[in-house]
Structure formats: structure tokens, C-alpha cells
Number of protein chains: 2
Amino acid sequence: MYSLIDIQKRLLPDMLEVMQKRYGILHYIGLMEPVGRRSLAVSLGLTERVLRSEVEFLKEQNLIRISSTGMSLSSDGKDLLEALEGIMREISGIAVMEQALSRKLGIRQAIIVSGNSDESPWVKQELGRATAMCMKARLKGKNIIAVTGGSTMAAVAEMLTPDLAERDWLFVPARGGIGEDVKNQANTICAKMADHTDSRHRVLYVPDQVSKEMYESIIKEPNIKEVITQIKSASMVLHGIGDAITMAERRKTSEEDLEKIKHAKAVGESFGYYFNEGGEVVHKVQTIGLQLDDLSHIEHVIAVAGGSSKAKAITAYMKRAPSSTILVTDEGAAKQLLKG
Amino acid sequence: MYSLIDIQKRLLPDMLEVMQKRYGILHYIGLMEPVGRRSLAVSLGLTERVLRSEVEFLKEQNLIRISSTGMSLSSDGKDLLEALEGIMREISGIAVMEQALSRKLGIRQAIIVSGNSDESPWVKQELGRATAMCMKARLKGKNIIAVTGGSTMAAVAEMLTPDLAERDWLFVPARGGIGEDVKNQANTICAKMADHTDSRHRVLYVPDQVSKEMYESIIKEPNIKEVITQIKSASMVLHGIGDAITMAERRKTSEEDLEKIKHAKAVGESFGYYFNEGGEVVHKVQTIGLQLDDLSHIEHVIAVAGGSSKAKAITAYMKRAPSSTILVTDEGAAKQLLKG
DNA sequence: GATAAGTGGGACATAATATGTCTATGCGGG
DNA sequence: CCCGCATAGACATATTATGTCCCACTTATC
């Protein structure tokens with residue numbers, strides 16, 4: 001069942017931030033009273049004029065008192081603040097976590113949806129929805145979007161809607177075959193995304209184990225070459241992050257490589273790169289398409305991964321991720337990440 | 001303890017109406033789908049453009065689907081609407097009741113605060129606050145405010161604040177002594193109101209039982225005459241409504257009059273006028289100052305009365321009240337009034 | 001199959017509101 | 001007595017909301 005807050009988030013999405021803003025103001029006034037607008041404005045990171053409008057409102061509501069020595073809480077304001085404190089911890093816990101997480105990981109933005117996809121399967125849908133919203137907000141007009149495989153990406157594909165497609169989008173798989181089963185292959189997911197958004201997609205199929213000669217001739221193929229050019233000029237990359245061992249086992253990894261991965265204590269995987277806890281690449285699936293170093297040239301990089309079990313993998317990967325990365329994750333993973 | 005809603009009402013007072021508006025739109029779409037903007041706009045009493053902005057928002061949130069045949073709810077929208085229905089009944093019950101009540105009583109506006117002042121004494125404070133807000137909203141600049149006595153009015157006086165007093169206010173008692181004890185006398189309340197708002201007040205003291213000659217000479221007194229002129233030119237009247245028997249007993253009413261009041265089945269009292277259930281004046285305390293007929297010439301008339309026990313008295317009085325009256329009451333009384 | 005009524009969506013002037021910026025003025029402590 | 005910090009006023013400018021018309025399209029009905 002939806003809670004009142006959940007409903008309000010949907011029906012009045014701005015409400016939350018206004019509430020937080022006003023709560024923050026009350027909170028600080030309570031802390032520093034009596035205090036002037038200027039010092040409050042810098043403390044809160046608001047411009048003076050904005051703060052002033054808010055302060056006028058709060059005065060209107062008799063929540064604060066204004067005198068020539070500064071602002072202070074009225075007794076009503078104190079009562080309200082006390083009641084608010086509990087609520088805000090609950091409500092804006094997520095927003096606070098988003099801030100903390102993006103700072104901790106050194107990335108552009110963290111988006112957290114509530115729940116834990118390890119425990120509740122429907123949280124993956126929420127991850128998908130959040131990712132879709134993020135794509136919508138960041139992309140304008142014509143775009144090439146490079147996508148990797150994985151069950152999380154499949155969930156994202158599922159949540160895309162045609163109303164995003166007023167923009168002109170082209171989905172391309174980020175890298176050639178890195179051996180997932182068909183359902184969660186990048187090619188399949190691209191197709192599904194294109195289908196859900198009424199847009200186009202390309203396929204990139206490179207067999208896994210081929211001779212060097214074969215490989216050379218494949219990438220000379222004009223079709224393939226074109227796709228690779230498109231991949232390199234993508235304006236957005238959408239990728240998942242996996243647990244190293246799980247991914248290695250799920251893929252048709254050779255006994256030798258599997259041993260190598262395990263021995264190097266790899267914990268995270270993304271794009272076919274395997275990372276240890278220090279963020280070092282300990283193994284890499286040789287294939288064509290996007291390489292790790294290419295990421296820094298791409299405008300929008302969105303990493304999607306949820307579930308507390310993926311925390312280690314996320315941490316490891318994020319040590320190498322470009323700082324422009326946006327992480328979409330869930331509460332379960334976020335809490336774990338902030339603990340570590 | 002404050003509930004989330006109460007806090008939000010204080011911290012984001014506009015939120016409630018936006019929520020109601022959006023709820024109403026979803027509700028109607030659910031009812032009439034598929035439906036177009038124009039017919040929806042007239043059904044909801046919104047202009048087409050406003051509705052359109054809202055609809056665009058709802059579409060953005062994936063709560064409704066828009067096709068060439070009209071708008072309909074998405075499955076998300078249906079879920080949300082269902083959850084909203086329960087909440088809105090709770091939240092906006094009051095707003096709905098306000099509408100119903102003002103229509104039923106044939107008055108300009110009804111303002112309802114939650115609770116029942118018969119059961120919870122602090123509801124009187126809420127009545128006071130609501131009345132103060134109403135005064136603030138309706139009065140600009142220089143004003144004369146005529147006030148009656150009673151415990152409810154005393155509560156209003158208690159809740160007035162100096163920040164209302166940027167306006168230039170003068171409080172006058174509406175009528176000469178109608179025999180309440182000092183604490184709840186109009187004179188005392190005027191003084192308290194003036195004190196709380198840093199404004200001025202006048203007194204009007206007319207002894208209860210005096211000879212005709214004495215009376216005549218009193219009202220020739222220049223001071224008294226001036227006050228009476230001010231009363232008649234008041235721009236706002238603030239008055240309570242009482243239960244007839246209670247009021248009669250509380251006042252030093254003669255045995256004869258008391259009998260008359262009881263025999264005539266008076267149920268309501270206001271201004272020293274006693275009304276039966278049909279709204280007929282069955283008895284009147286003879287005194288100088290505002291008369292019942294004067295009310296219709298006064299711009300703002302605010303009646304304040306709460307508690308389910310006062311429902312009958314309110315009904316009775318409202319049959320004679322000018323249609324410009326604003327009633328400030330509580331949930332307890334309102335429910336009772338709407339039942340009858 | 002023509003027609004009329006209803007649909008969403010585009011365009012644009014205008015009103016209302018929010019914001020940035022600068023200034024006047026008052027108060028209290030050193 | 002003056003300096004620094006305080007509020008509050010004023011005003012130009014961005015931004016957003018709203019009112020008003022119009023157009024192209026679908027659909028149900030005759």
C-alpha cells in the first residue's frame with residue numbers, strides 16, 4: 001500500500017524539496033538564533049533573496065520572530081520543528097543519502113529509490129523507472145545511447161515508455177558479445193528498448209571465441225565498422241554493475257580465466273571489465289566496442305545497480321568510474337555503500 | 001502530537017488545494033474516461049488552460065494516458081487514485097464540509113477547524129487562530145471592529161498577534177452591558193484584543209437596570225454618543241453564538257424573562273437576541289449599540305462558535321443572519337449542523 | 001461518405017510571481 | 001562615536017502561469 005508520502009511524491013514532486021528547504025531554514029535558525037539573513041543564506045547555500053522570501057513566509061505563519069537583532073524561532077516554530085525532525089529523517093533520508101553518496105563516491109549524482117532489490121523484486125522496476133526519468137531529463141533531441149546487458153538493464157528496458165521517444169534515439173550495444181544468455185544480452189536489450197520507445201537500434205554480434213584472423217576480418221565488415229563508430233560517438237552510456245564471481249560464472253568463462261578472477265579477488269564487473277576492491281582491472285573480456293577509457297569522453301554515463309549484495313561491486317567499480325557518472329541504485333545498496 | 005498533514009498545512013499551506021485539484025482531476029477522468037479537456041474543465045470549474053497545465057503534469061507523471069479520443073487513467077493512475085480516495089476523505093473532508101455548510105446555511109463562507117471544542121478545550125484556540133487569520137485576510141488599513149462578549153470571543157482575543165496591527169484597528173464593544181461576568185464582557189475582550197494587537201479600543205459601559213431617565217441621560221453623554229457612532233460605522237463585527245438557556249442563566253436575567261425565554265423555546269442567542277428554532281427573535285436584551293438590523297450594513301460579519309452542543313443555536317441564529325456572514329466553527333459543530 | 005462535435009496540441013500576448021541587486025536605515029557592542 | 005550586522009524597501013529582470021485563439025485530426029452519427 002502506498003503511504004501518504006509516496007502519494008505526495010508522485011502528486012506533488014516539488015513538495016518534498018520545498019519542505020526540506022523550509023525545514024532546513026527552521027533548523028538552522030533554531031541552531032544559530034538570533035541570526036541574520038546573510039549568514040543564514042551562506043550556511044544554507046541559498047541566495048539571500050530566496051531566503052528572504054522563505055523567511056517572509058515563515059513569519060507569515062508565525063513560525064519565526066523577526067527583530068532587529070535577527071531571526072529566532074517562535075514557540076510554535078519550536079513545536080513544529082520538533083515534530084518535523086522525526087518526519088524529515090524518514091522522508092528526506094533518501095535525499096540526504098543521495099547527497100552523501102554522490103560525495104562519497106565522487107560522482108556527479110546518485111539517485112536512490114526506496115527498497116532493496118535483493119529482497120523485493122519490484123524494486124528493480126523502480127530502478128528502471130528512475131533510470132528512465134533520468135534519461136528523459138538529460139537527453140534532448142537526437143541521441144545515440146550505448147547499452148550493456150544484464151538483468152538490471154533488462155528491467156530498465158521494460159520501464160521505458162514511448163513518450164520519451166519524441167527525441168530521436170538510437171540504441172546500440174556497448175560492446176560485442178560478452179557471453180550472457182540471450183535474454184540479458186546487450187543486443188536483446190537494445191532491441192527491447194527501441195521497441196518500447198518506438199525508436200531504432202543496431203546490433204553488434206561478435207562471436208566469443210574466434211581466431212585472430214577471423215576477428216580481424218569481422219571488424220573490417222562495413223556494417224560492424226559503422227556500429228562501432230556509432231558506439232564511440234554515443235552521448236549516453238547505460239550500464240549495469242555486477243558481482244564479479246556471479247558474472248564470471250554466468251558467462252561462459254574459461255576455467256583458466258575464472259581461476260584468474262577468483263585469485264585476483266575481483267569483486268565487481270562492468271562492461272566485461274573485472275575489478276578488485278581497490279578498483280584495479282584484474283581481467284578484461286577481449287571484445288570490440290566501448291572500452292573503459294572511452295567513458296570519460298561520453299557526456300552522460302548512467303550506472304544502474306541495486307541490492308545490498310552489490311555494494312562491494314559498486315564500490316570497486318566507482319573507484320575507476322569517470323566523475324561524470326550518475327549512479328541509480330536502491331536504498332539497500334546505498335545504506336551498505338555509506339556504511340563501508 | 002502533530003500529524004504529518006497538520007505539519008504540512010502549516011509548512012505548505014497551498015499544498016492541500018493543489019492536491020485536491022489534482023485529485024479532483026484524476027477522479028473525474030476515472031469517472032468519465034475517455035474525456036476531453038473542455039468538458040472536464042467545465043465539470044471541474046477550472047479554466048481550460050489551467051486544466052491543461054495540470055493534465056500535462058499528470059501525463060508527465062504517467063498517471064494518465066492521452067490519446068486522440070481523450071484522456072484516461074493509466075494503471076498507475078488507477079492505483080494512485082484508489083489510495084488517494086481514502087486519504088482525501090480524511091484530509092479534505094473539512095474543505096468539502098466548508099463548502100456544504102456555507103451552502104446549507106446560505107452564508108458567504110464557513111471555516112471549519114478540526115476537533116470539537118466540547119471535548120477538547122484547545123480547539124477553542126484553533127477557532128481563535130482561524131478567526132484571526134480570517135480578520136487578517138479581510139481587513140486592509142484602517143478599521144473599526146465591533147466585538148461581543150463570551151468565552152469564545154475571549155479565546156479569539158487570546159490568539160490575536162501584533163503582526164496583524166500594521167493595520168490601524170479600533171476595537172469597540174458591539175453592545176452595552178448585557179450582563180456577563182467581567183472576564184467575558186465585551187469591554188474586557190475589546191481591551192484584550194487591543195492589547196494583543198498594539199491597537200486602540202473604546203469602552204461602552206451601560207448599567208443593566210437603570211431608570212428610563214437615567215438611561216436617557218447616559219446616552220446623551222458625548223463620550224457614549226461617540227462610541228455609538230463608531231459602532232454603527234464598524235467595518236467588521238465579530239460575535240459569538242450561545243446556547244439560549246445557558247446564556248440566560250449565566251446572565252443576571254430576571255425570573256420573568258427567563259420564564260419567557262424558556263417558554264418560547266429559545267435555542268440560540270447572539271448580541272443579546274434570543275432565537276427559537278425557527279430563527280424568530282423571542283426576546284431581546286434592551287441596550288444601546290449594535291442592533292440585529294444593523295448587521296446587514298456592515299461589510300464583514302464573522303460569527304464564531306464551536307462545539308457540537310452549539311449546533312442548534314447556530315442553526316437558529318443563521319436563519320436570521322445576513323448572507324454576508326462568515327461562520328468560524330469546528331468539526332464537531334459542523335458535522336452536527338450538516339446532519340440536521 | 002459527408003458532417004458536426006469533440007479531441008489534443010501549438011502559439012502567443014499578458015499577468016503574476018520569483019529572483020538578483022542595490023540601497024536606506026536602525027541597533028548594539030567595542 | 002563608529003563599525004558591523006541586522007531588517008526592509010525598491011526595482012529591473014527572469015521565469016512561470018494563465019487566458020485566448022486557432023488548427024488539424026478522429027469519431028460517431030446521420
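Note on naming: letters A, B, ... go to the chains in the order of the sequence lines (proteins, then strands), and numbering restarts at 1 for each one. Small disclaimer: the values here were computed from a predicted structure and weren't measured.
Straight-line distance from the CG atom of B:Leu51 to the P atom of C:dT7: 11 Å, rounded to whole Å. The interatomic distance linking B:Leu46 (CG) with D:dT18 (C1') rounds to 12 Å, in whole Å. The distance between atom CD1 of A:Ile66 and atom P of D:dG9, rounded to the nearest whole Å, is 11 Å. Rounded to whole Å, the distance from CD on B:Glu54 to P on D:dT16 is 16 Å. Per the geometry, CD1 belonging to B:Ile64 stands 14 Å off C1' belonging to C:dT7, to the nearest Å. Across the protein-nucleic acid pair, B:Asp14 atom CG and C:dA16 atom C1' stand 14 Å apart, rounded to whole Å.
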Legend entry - Sugar-phosphate or base contact per nucleotide [nucleotides 25-30 of chain C; S, B, -; heavy atom under 4.0 Å]: --S---
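Take B:Arg138 and apply the side chain to side chain donor-acceptor pair (under 3.5 Å) test, not counting sequence neighbours, and it matches B:Gln109. Qualifying salt bridge (charged side-chain N to carboxylate O under 4.0 Å, His left out) partners for B:Lys78, counting only residues two or more places apart in sequence or in other chains: none. Partners of A:Ser53 under the side-chain contact (heavy atoms from CB on, under 4.5 Å) rule, at least two apart in sequence or in another chain, are A:Arg49.
The two residues A:Ile107 and A:Thr325 make their nearest non-hydrogen contact at CB-O, 3.3 Å.
Side-chain contact between B:Leu160 and B:Phe171 is present, with heavy atoms from C-beta onward closer than 4.5 Å. Residues A:Leu238 and A:Met153 have side chains in contact (heavy-atom distance under 4.5 Å, counting atoms from C-beta outward).
Summary of the strand contacts: A:Gly70 and A:Glu56 both lie near DNA chain D, and taking for each the nucleotide with the nearest heavy atom, the more 5' one is attributed to A:Gly70.
A heavy-atom distance below 4.0 Å to DNA chain C is reached by none of the residues of residues 18-32 of chain A.
Here A:Val35 lies in heavy-atom contact (under 4.0 Å) with sugar-phosphate atoms only.
Between B:Glu126 and B:Arg129, at least one side-chain N (NZ, or NE/NH1/NH2) sits under 4.0 Å from a carboxylate O, which counts as a salt bridge. Under a 4.0 Å N-O distance rule, the pair A:Arg200/A:Asp168 qualifies as a salt bridge.
Using modelled atom types, one finds no donor on one side chain facing an acceptor on the other under 3.5 Å when comparing B:Asn62 with B:Ser74.
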Inset, instruction - Any chance you could lay out the side chain to side chain contact (heavy atoms under 4.5 Å, CB included) test for B:Tyr23 and B:Glu85, step after step, and finish with the verdict? - result: CA-CA 8 Å; B:Tyr23 166 69; B:Glu85 254 147 15; 3.2 Å; yes
N/O contacts under 3.5 Å, protein versus nucleotides 19-23 of chain D?
{"residue": "D:dG19", "atom": "OP2", "partner": "B:Thr47", "partner atom": "OG1", "Å": "2.3"}
{"residue": "D:dG19", "atom": "O6", "partner": "B:Arg49", "partner atom": "NE", "Å": "3.1"}

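Proximity of B:Ser53 to the phosphate of D:dT16: no side-chain N or O atom is located under 4.0 Å from OP1 or OP2.
Under the 3.5 Å distance criterion, the side-chain polar atoms of A:Arg10 are matched with a main-chain donor or acceptor of B:Gln61.
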